[in-house]
Asker: 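Handing you a structure now.
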Amino acid sequence: MSAAELPRSTYRLQVSGDFPLDEVAALADYVRALGADWFYLSPLLQAVRGSSHGYDVVDHGRVDEERGGPDALERAAAAARAQRLGVLVDIVPNHMGVADPRQNDWWWRLLREGREGEMAKAFDVDWAFGGDRVRIPVLGDDLEAVIADGQVVLGDDAIAVYGTEYPLAEGSADDVDDRAGASAEQVRAVLDRQHYELVHWRRADAELNYRRFFAVSTLAAVRVEVPWVFERSHAEIVRWVREGLVQGIRVDHPDGLLDPGGYLDDLAAATGHAPVWVEKILEGDEQLPPHWQAAGTTGYDALATIDRVLVDPDGREELDDLDARLRSETSTAGILQESTASGVDAPQPLDWHAFIRRTKRRIADTILRSEVLRLERELPHAVPEAADALAELLACFPVYRSYLPVGAEQLAAAFDAARASRPELEATFDALAPLLGDPQQAVARRFQQTSGMVMAKGVEDTAFYRYSRLASLTEVGADPAEFAVDVDEFHRRQLVRQGSLPASLTTLSTHDTKRGEDTRARIHVLAEVPEAWEALLGELRERAPIGDGPFENLLWESLVGAWPLEAERAHAYAEKAAREAGTATTWTKPDVAFERRMHDAIDAVLGAGELRGLVEEFVEAVAPYGWSNSLSAKLLQLTAPGVPDVYQGSELWETSLVDPDNRRPVDYVLRRALLARIDGENPSATPGWMPEVDSGGAAKLLLVSRSLRVRRDRPELFTRYAPLAAIGAAAAHAVVFDRGGAVTIATRLPVGLDRAGGWGDTIVVLPHRPVLDALTGRRYAGGELRLAEVLERYPVALLVEVEQDDGS
């Protein structure tokens with residue numbers, strides 16, 4: 001893979017019916033002016049009508065009509081070429097949308113033709129367990145009651161249930177002359193002849209017999225490892241690459257595939273080795289499997305490190321104590337939260353890894369019980385208590401999955417942990433170990449597909465909403481047990497990235513992040529002012545009580561981070577976060593009283609009363625430090641090793657909360673106007689306007705545009721990674737590195753810096769040759785540079801070697 005084929009940066013867009021491909025085309029000149037050199041587009045294949053995200057593909061053979069169709073893709077690709085932009089497109093090989101069978105011909109044929117039909121090979125169905133029928137969990141009551149209620153209607157080639165049509169097997173209703181007036185007995189008889197069984201939605205947890213995307217029954221897993229399934233599901237994508245419409249591919253959720261490495265080999269062969277990035281979440285020091293044909297990950301690992309170098313480690317003890325007290329006093333602590341250890345006088349800090357083992361086990365025992373039982377059925381012979389032991393192993397698995405024989409040590413670690421936690425299952429573990437360790441065994445292959453599901457649902461979609469010590473640390477791809485990293489550790493990780501996967505993407509915000517990058521940057525400040533935060537939280541809990549201390553901490557941290565925000569956004573976030581946590585309320589059994597208190601509390605804080613004043617006073621005090629963190633995080637991301645990705649609109653402050661809040665429309669008219677003002681008459685010289693660091697966010701737009709342009713136009717300055725030391729009393733507040741001619745200087749822990757009186761005599765030492773700050777246009781002779789001078793205007797600087805022919 002040559003350097004010429006790779007982006008120097010990407011700009012990520014969520015393409016939808018509200019923002020179709022023609023809007024993408026119209027944005028090409030702006031993205032070029034901003035400095036990015038590739039578009040990065042969300043899925044484009046035909047999705048369920050009205051899909052805002054595109055991950056529920058129903059037809060692999062065409063571009064989504066609501067997103068503009070094939071002609072609009074041609075226009076967008078042409079506009080990109082005209083602006084010298086590449087195009088990276090997200091694809092979804094793991095599953096298809098099946099909410100409406102009429103829209104998905106593959107699923108329709110599976111249901112109509114059954115086990116003997118061609119599509120039985122395309123979907124991952126355990127036919128024997130379902131009695132040769134696919135169980136579809138869509139009913140809200142017993143089937144007889146649904147029929148009696150008139151919710152099942154026979155048609156010519158389909159049967160409608162709650163208005164959704166399911167196909168009739170050939171000849172299965174021929175004995176019903178008057179289909180519109182069919183009796184309940186006739187309707188039931190026809191349903192009994194189908195290749196599918198309509199069941200109550202609650203049965204999906206333990207009795208489903210098709211693999212799905214996590215616990216989403218409307219997304220059915222596709223067996224892309226079957227050659228013809230791969231070929232048909234990728235023909236359109238391959239055409240895009242071969243015809244030059246698309247230059248790169250992002251693979252969604254490769255861990256759901258039977259053999260991700262083999263899949264990437266097939267994709268490389270089909271596309272002529274177009275560059276591929278994988279949405280792979282790495283845990284700790286885990287590295288991308290080196291045998292994968294991939295340029296790298298989509299960048300969550302970079303996000304985690306950048307966040308943590310900006311968090312004050314000295315705040316850990318006080319925030320740990322606060323979190324422990326909240327857990328000890330909360331009524332839900334004994335149900336699903338962590339309770340204090342018995343026999344200990346003071347509440348104890350949470351053991352994160354023990355905590356997620358329990359949340360993962362709960363997932364394995366509830367919404368993913370179907371997958372655990374299918375693993376048990378895949379065993380070549382009966383093993384007593386196998387389901388219990390398999391669930392424990394899934395809960396103990398330390399990373400998302402293994403790729404046997406690669407990752408065998410992770411499986412061994414899971415067995416060690418499971419044996420320690422459940423010694424009474426020793427004989428069962430002994431029986432399972434050789435089976436799960438043998439990649440030729442069906443149970444071993446499926447176990448690898450399943451462990452990532454349990455991790456995602458147990459950690460990201462459950463534990464992240466229950467652990468609120470510092471909400472900015474509970475982010476996709478991150479380990480909340482790691483509170484902060486020092487500058488030396490930050491440098492070490494960048495050196496590893498530079499040496500291993502320098503083309504891996506880096507990101508700070510995506511459609512999957514729990515909070516936008518600038519929401520997190522403000523929350524980081526709480527680690528520097530834990531006493532002030534505890535005081536505000538206490539006031540809010542006393543005067544607008546909800547009744548779940550850890551959740552209240554999470555909620556108010558998040559809303560303070562995103563402040564100011566509309567009531568609709570705040571209420572939507574609170575409801576999703578509370579139900580995902582599952583402590584005081586759930587999606588399936590909402591606690592009306594709790595949710596009423598929650599919404600009343602939000603109204604009290606967002607209203608015109610005294611509580612709003614308290615929050616606004618706090619936000620006013622911490623916001624400048626949050627903006628400093630934001631600018632530092634962005635500069636680190638844009639200039640550190642890897643290919644930086646800018647999420648749509650995040651060139652201004654990105655204060656989103658969780659999906660769908662992070663897919664809100666972006667005001668590009670505003671961004672174009674601000675960029676034009678910054679550029680002035682000569683975009684290559686000193687900015688025509690150097691905005692203040694304030695709530696408008698234009699200072700971030702200045703930083704993003706100048707950093708991206710330097711990366712795009714002067715790649716020779718980004719060929720290495722050399723940590724540089726700041727020298728002086730405030731040295732610990734600076735992150736400095738040289739990329740080979742471009743030197744990044746970023747401020748960390750700004751509250752502490754202010755308390756210490758600023759930079760004082762702190763310096764960095766550069767070679768004695770002239771440099772220019774790409775953000776301000778100021779020139780320096782090199783050598784010893786005082787940070788008080790370099791960072792006088794902004795808390796960050798990007799110093800680039802002056803080009804030889806510029807007259808200097």
Asker: Do Asp205 and Arg203 pass the salt bridge (charged side-chain N to carboxylate O under 4.0 Å, His left out) test, and can you show the C-alpha distance, the side-chain angles, and the key distance before you say yes or no?
Answerer: CA-CA 5 Å; Asp205 286 358; Arg203 292 180 62 185; over 6 Å; no
Asker: What heavy-atom pair brings Thr588 and Pro590 nearest, and what distance separates the two atoms?
Answerer: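 Of all heavy-atom pairs spanning Thr588 and Pro590, the closest is C-CD, 3.6 Å.
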Asker: Closer than 3.5 angstrom, by distance alone: can the side chain of Thr586 be matched with the main-chain N or O of Gly582 as a donor-acceptor pair?
Answerer: no
Asker: Apply the test side-chain contact (heavy atoms from CB on, under 4.5 Å) to residues Met598 and Thr585: give CA-CA distance (whole Å), side-chain angles for both, the deciding distance (0.1 Å), then the verdict.
Answerer: CA-CA 11 Å; Met598 176 181 72; Thr585 188; 5.9 Å; no
Asker: Would Val87 and Leu245 count as a side-chain contact (heavy atoms from CB on, under 4.5 Å) if you check the C-alpha gap in whole Å, the side-chain angles of each, and the deciding distance to 0.1 Å?
Answerer: CA-CA 7 Å; Val87 178; Leu245 302 175; over 6 Å; no
Asker: Apply side-chain contact (heavy atoms from CB on, under 4.5 Å) to residues Leu657 and Leu565 and explain how you reach the verdict.
Answerer: CA-CA 10 Å; Leu657 295 167; Leu565 75 167; 3.9 Å; yes
Asker: Got a second to check how far Leu606's CG is from Leu559's CG, nearest 0.5 Å?
Answerer: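 One finds 7.0 Å between CG of Leu606 and CG of Leu559.
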Asker: With the threshold set at 4.0 Å, does a side-chain nitrogen-carboxylate oxygen contact exist between Asp56 and Arg49?
Answerer: no
Asker: Would you mind telling me which of Arg239, Arg232, His234 makes a side-chain contact (heavy atoms from CB on, under 4.5 Å) with Glu236?
Answerer: Arg239
Asker: So, for Leu379 and Ala386, which heavy atoms are closest and what is the spacing to 0.1 Å?
Answerer: CD1-CB, 3.6 Å
Asker: Which pairs count as salt bridge (Lys or Arg N to Asp or Glu O under 4.0 Å) when at least one residue sits in residues 584-601, sequence neighbours excluded?
Answerer: Arg579-Glu595
Asker: Working to the nearest 0.5 angstrom, can you tell me the gap between Ile363 CD1 and Met455 CE?
Answerer: 12.5 Å
Asker: Asp149 side chain to Gln151 main-chain N or O, any donor-acceptor pair under 3.5 Å?
Answerer: no
Asker: Which side-chain N or O atoms in residues 92-101 pair as donor and acceptor under 3.5 Å with protein atoms at least two apart or in another chain?
Answerer:
| residue | atom | partner | partner atom | Å |
| --- | --- | --- | --- | --- |
| His95 | NE2 | Tyr55 | O | 3.2 |
| Asp100 | OD1 | Arg102 | N | 3.2 |
| Asp100 | OD2 | Gln103 | NE2 | 3.0 |

Asker: Does a side-chain heavy-atom distance below 4.5 Å link Val246 with Leu41?
Answerer: no
Asker: Flag yes if more than 12 heavy atoms outside Arg179 fall under 6.0 Å of its CZ atom; otherwise flag no.
Answerer: yes
Asker: Hey, are the side chains of Ile91 and Pro43 touching, using non-hydrogen atoms and a 4.5 Å cut-off?
Answerer: no
Asker: Hey, do the aromatic rings of Trp107 and Tyr210 have their centres closer than 6.0 Å?
Answerer: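 Close enough - the centres of the two rings lie under 6.0 Å apart.
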Asker: May I ask you to test the Gln194-Leu111 pair for a side-chain heavy-atom distance under 4.5 Å?
Answerer: no
Asker: Within the supplied structure, the quantity of interest is the number of heavy atoms (other residues, nucleotides, ligands) at a distance under 6.0 Å from Asp156 CG; does it exceed 12?
Answerer: no
Asker: Keeping Thr359 on the side-chain end and Ala463 on the backbone end, is there a donor-acceptor pair under 3.5 Å?
Answerer: no
Asker: Could you state the interatomic distance from CZ (Phe19) to CG (Leu27), rounded to the nearest 0.5 Å?
Answerer: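 Between Phe19 CZ and Leu27 CG, I get 5.0 Å after rounding to 0.5 Å.
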Asker: Between Tyr263 and Phe230 (judged by ring centroids, cut-off 6.0 Å), do the two rings come close enough to count as a pair?
Answerer: yes
Asker: With a 4.5 Å cut-off on side-chain heavy atoms, are Glu197 and Leu191 touching?
Answerer: no
Asker: Any side-chain donor-acceptor pair under 3.5 Å between Asp90 and Ser42?
Answerer: no
Asker: Using atom types as modelled and distance alone, determine if a side-chain donor or acceptor of Gln648 lies under 3.5 Å from a backbone N or O of Gln14.
Answerer: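 Yes; judged by distance alone, with no hydrogens or angles, the pair exists.
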Asker: Could you tell me the separation between the CZ atom of Arg401 and the NZ atom of Lys280, rounded to the nearest 0.5 Å?
Answerer: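 One finds 7.5 Å between CZ of Arg401 and NZ of Lys280.
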Asker: Can a salt bridge be assigned to the pair Arg188 and Glu185 using a cut-off of 4.0 Å between side-chain N and carboxylate O?
Answerer: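 Answer for the salt bridge query: no.
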Asker: Pairing donors with acceptors under 3.5 angstrom, does anything connect the side chains of Tyr400 and Ser451?
Answerer: no
Asker: Tell me, please, whether Tyr196 has Arg135 positioned over its six-membered ring: NZ or CZ under 6.0 Å from the ring centre and within 45 degrees of its axis?
Answerer: no
Asker: Do Val251 and Trp277 touch side chain to side chain, with heavy atoms closer than 4.5 Å?
Answerer: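 They are not in side-chain contact.
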Asker: Apply side-chain hydrogen bond (donor to acceptor under 3.5 Å, both in side chains) to residues Ser656 and Arg664 and explain how you reach the verdict.
Answerer: CA-CA 9 Å; Ser656 291; Arg664 286 171 295 141; 3.0 Å; yes
Asker: Can Lys457 and Glu371 be counted as an ion pair, charged N to O under 4.0 angstrom?
Answerer: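 Salt bridge flag = no for Glu371 with Lys457.
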Asker: Are His253 and Phe214 close enough that their ring centres sit under 6.0 Å apart?
Answerer: yes
Asker: Salt bridge check: are Arg515 and Asp661 linked by an N-O gap of less than 4.0 Å?
Answerer: no
Asker: Let me see the working for Val24 and Phe39 under side-chain contact (heavy atoms from CB on, under 4.5 Å), right down to the final yes or no.
Answerer: CA-CA 9 Å; Val24 173; Phe39 277 132; 3.8 Å; yes
Asker: To the nearest 0.5 Å, tell me how far Tyr465 OH sits from Ser558 OG.
Answerer: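 Taking OH in Tyr465 and OG in Ser558, the distance rounds to 9.0 Å.
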Asker: For Asp603, enumerate each residue passing the side-chain hydrogen bond (donor to acceptor under 3.5 Å, both in side chains) test, keeping only those at least two apart in sequence or located in another chain.
Answerer: His571
Asker: For Ala574 versus Leu555, what's the shortest heavy-atom pair and its separation?
Answerer: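 Nearest pair, atom of Ala574 first, then Leu555: CB-CD1, 3.7 Å.
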Asker: Can you check whether Asn662 reaches Asp512 side chain to side chain, under 4.5 Å on heavy atoms?
Answerer: no
Asker: Are there over 12 heavy-atom neighbours, none belonging to Glu170, within less than 6.0 Å of that residue's CD?
Answerer: no
Asker: Between the side chains of Glu580 and Lys576, is the shortest nitrogen-to-carboxylate-oxygen separation below 4.0 Å, so that they form an ion pair?
Answerer: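 No, this pair does not count.
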Asker: Roughly how far apart are Leu373 CG and Leu368 CG, rounded to 0.5 Å?
Answerer: 11.0 Å
Asker: Using a strict cut-off of less than 4.0 Å between a Lys/Arg side-chain nitrogen and an Asp/Glu carboxylate oxygen, indicate whether Arg115 and Asp132 qualify as a salt bridge.
Answerer: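 Here Arg115 pairs with Asp132 in a salt bridge, since their nearest N and O are under 4.0 Å apart.
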Asker: In plain terms, say whether Arg112 and Asp105 are close enough for a salt bridge, that is, a side-chain N and a carboxylate O under 4.0 Å apart.
Answerer: no
Asker: Do Leu394 and Thr450 come within less than 4.5 Å of each other through their side chains, counting heavy atoms only?
Answerer: yes
Asker: Any non-hydrogen side-chain atom of Trp201 less than 4.5 Å from a side-chain atom of Leu139?
Answerer: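 No, every pair of side-chain atoms sits at 4.5 Å or beyond.
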Asker: Given Leu264, which of Ile249, Leu257, Val278, Asp259 fulfils the side-chain contact (heavy atoms from CB on, under 4.5 Å) condition?
Answerer: Val278
Asker: Between Arg361 and Asp365, does any side-chain N to carboxylate O distance fall below 4.0 Å?
Answerer: yes
Asker: Applying side-chain hydrogen bond (donor to acceptor under 3.5 Å, both in side chains) between Asp124 and each of Arg374, Gln449, Arg223, Arg212, report the one that passes.
Answerer: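 So the option named by the test is Arg374.
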Asker: On the ring face of Tyr647, is Arg12 found with NZ or CZ under 6.0 Å from the centre and within 45° of the axis?
Answerer: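 No, Arg12 does not lie over the aromatic ring of Tyr647.
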Asker: Taking all atoms of both residues into account, what is the closest heavy-atom pair of Leu208 and Phe129, and its distance?
Answerer: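 For Leu208 and Phe129, the tightest heavy-atom pair comes out as O-CE2, 4.0 Å.
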Asker: Backbone N or O of Ala581 within a donor-acceptor pair of the Arg466 side chain at under 3.5 Å?
Answerer: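 Yes; at least one donor-acceptor contact below 3.5 Å.
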